[in-house]
Amino acid sequence: MKLAPQIAREGRACDAENRYVGANIALLRDHGFLGLAVPAELGGGGLSRIELAAMLRELARHCGATALVLAMHTHTVAAAAWRWRHQKAPTDGLLKRVAGERLQLLSSGGSDWLPGSGTAEKAEGGYRVSATKVFASGAPSADLFMTGAVEQTAEGPTALQFGIPMTAPGLSIVETWDTLGMRGTASHSVRLENVFVPEAAIAARRPAGVWHPSFHLISMIAFPLIYAVYTGVAEAARDIAVAAAARRPDPDTIEAVGRLDTELMAARMAHDTMVEQMELAQPGPDTTNRVFQYRALVARSALGTVELAMVAAGGGGYFGSLGLEKLFRDIQGARFHPLQAGPQQRLAGRLALGLPIDG
């Protein structure tokens with residue numbers, strides 16, 4: 001990747017100064033990365049999800065925060081592309097704009113899992129929406145906010161999904177992101193205060209709080225791409241640790257490197273299998289269950305890999321100058337994406353016991 005040295009330098013500076021990797025995202029925008037998931041027929045790069053995952057994994061070896069921001073955009077675009085190709089959904093207009101105008105999409109997935117969040121109240125010609133959406137990675141440079149809110153209807157709480165410009169009146173970014181790791185993602189909160197959303201902008205409606213087909217699709221497409229980033233961070237940590245350990249190959253160090261490489265192999269195998277299977281899968285409960293089982297395995301082994309990298313590198317790993325300290329902080333983000341340990345295990349248990357997915 002020719003851009004790698006520049007991206008890595010800027011990523012380190014942004015981490016040290018707790019600022020957004022905006023220059024890196026602008027660089028990737030200029031080089032067409034925002035359109036890589038758009039089908040070639042619609043003007044994009046036409047990459048498969050296997051190719052997208054490989055790209056994000058490589059990018060994460062140089063800057064995890066930059067890769068994570070790009071992953072959050074890319075999985076939203078890839079889902080729209082899947083719907084256009086496999087469901088004949090009218091998402092081609094959005095996809096053409098992403099490719100042609102190099103738009104960056106911002107996801108509010110951190111706030112809008114099954115229950116949804118925020119309120120949507122009927123107004124003339126649409127809705128008035130109020131909400132605070134957390135974990136919006138890449139907010140400062142985004143163009144369109146892909147989000148939702150909950151309308152109280154006679155049938156019960158209904159989650160509305162829509163996209164709105166980041167320049168919409170009443171939309172603001174609240175700079176909350178001051179974290180241990182992935183500092184450069186600027187995953188701030190986005191506040192919607194009585195924002196008008198026209199009826200024509202409502203892309204989908206679903207019952208709030210239950211597994212809807214749209215969430216099976218999101219699960220199938222998003223998490224192989226998001227966890228490509230954490231696999232890449234673990235691979236970068238391994239390379240730094242092995243280079244450090246090679247300077248003092250005593251028996252304890254050799255054993256530590258062996259444990260490290262074995263743990264990384266588990267992360268790679270889990271991620272490779274997840275990506276390959278999801279490229280051919282169809283969204284549904286069984287696919288969702290497998291995605292989150294793989295996600296749990298990747299997270300566990302990626303975290304373990306970076307911890308072992310610190311051991312293999314010895315005392316030098318404690319110094320920021322080696323680079324492991326930053327990767328150790330960044331990899332902690334692997335713990336916090338859906339589904340976390342308890343919900344994932346309950347989902348797997350319900351399906352193994354033949355129980356309904358909701359309950």
Side-chain angles (χ1 to χ4, degrees), residues 1 3-4 7-8 10-12 14-15 20-21 24-25 27-28 33-34 36-37 47 49-79 104-107 109-110 135-138 177 179-187 218-240 264 266-275 278 291-292 294-306 309 323-324 326-340:
M1 182 179 285
L3 305 176
I7 285 171
E10 179 66 12
R12 288 191 295 270
C14 290
D15 177 76
Y20 180 44
V21 291
N24 281 350
I25 299 304
L27 183 66
L28 295 176
F33 276 68
L34 299 184
L36 291 179
L47 267 61
R49 281 174 283 140
I50 291 175
E51 292 169 323
L52 291 169
M55 176 272 294
L56 291 165
R57 193 158 141 180
E58 177 62 25
L59 181 60
R61 293 171 71 104
H62 307 286
C63 180
T66 301
L68 191 57
V69 171
L70 184 60
M72 294 306 183
H73 159 86
T74 298
H75 82 67
T76 307
V77 179
Q104 180 191 343
L105 306 187
L106 181 67
S107 167
F135 301 130
S137 300
W177 194 247
T179 53
L180 174 71
M182 290 294 182
R183 292 158 62 85
T185 62
S187 301
I218 290 167
S219 300
M220 183 181 81
I221 290 179
F223 291 96
L225 300 178
I226 293 169
Y227 277 82
V229 174
Y230 293 107
T231 306
V233 170
E235 290 173 327
R238 179 267 180 200
D239 289 349
I240 292 173
L264 179 59
R268 284 171 163 164
M269 289 175 63
H271 185 254
D272 288 345
T273 305
M274 174 165 62
V275 171
M278 294 312 104
V291 165
F292 286 119
Y294 289 129
R295 170 251 180 267
L297 294 173
V298 174
R300 182 189 307 164
S301 293
L303 285 158
T305 295
V306 182
L324 272 181
K326 176 181 181 298
L327 299 178
F328 181 84
R329 290 186 287 105
D330 284 349
I331 202 67
Q332 303 308 315
R335 302 177 187 275
F336 300 114
H337 301 273
L339 290 174
Q340 296 177 29

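What you see is a predicted model, and the numbers here were worked out from it, not measured in a lab.
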Residues that A234 engages under side-chain contact (heavy atoms from CB on, under 4.5 Å), provided they are two or more places apart: L264, A302, T305, V306
Smallest separation among heavy atoms of R295 and P338, with atom names: NE-O, 3.4 Å
Worked verdict on M278 versus L225 for side-chain contact (heavy atoms from CB on, under 4.5 Å): CA-CA 10 Å; M278 294 312 104; L225 300 178; over 6 Å; no
Where R329 and L180 come nearest, the two heavy atoms and their spacing: NH1-O, 2.8 Å
Pairing residues for H337 by the ring-ring contact (aromatic ring centres under 6.0 Å, His included) criterion, not counting sequence neighbours: Y227, Y230
CZ/F135: more than 12 non-hydrogen atoms of other groups inside 6.0 Å: no
Euclidean distance, M182 CE relative to L68 CG, rounded to 0.5 Å: 5.0 Å
Heavy-atom donor-acceptor pair, R183 side chain to T179 backbone, under 3.5 Å: yes
side-chain contact (heavy atoms from CB on, under 4.5 Å) partner of R61, chosen from L327, V233, V229, D239: D239
Minimum heavy-atom distance P224-A53, with the two atoms named: O-CB, 4.3 Å
Distance in Å, H271 NE2 paired with E235 CD, rounded so as to fall on 0.5 Å steps: 9.5 Å
S137 backbone acceptor or donor facing W177 side chain under 3.5 Å: no
Any pair counted as side-chain hydrogen bond (donor to acceptor under 3.5 Å, both in side chains), so long as it reaches residues 66-77, sequence neighbours left out: N24-T66
Residue list, side-chain contact (heavy atoms from CB on, under 4.5 Å) with R300, at least two apart or on another chain: L297
Interatomic spacing from CD in Q332 to CG in L303 - rounded to 0.5 Å: 5.5 Å
OG1 on T231 to CD1 on I226, rounded to 0.5 Å: 12.0 Å
Donor-acceptor contact present, side-chain Q104 to main-chain G138, <3.5 Å: yes
Residues in side-chain contact (heavy atoms from CB on, under 4.5 Å) contact with L47, at least two apart in sequence or another chain: L36, E51, L52
Contacts of type side-chain contact (heavy atoms from CB on, under 4.5 Å), residue S301, not counting sequence neighbours: E263, A266, A267
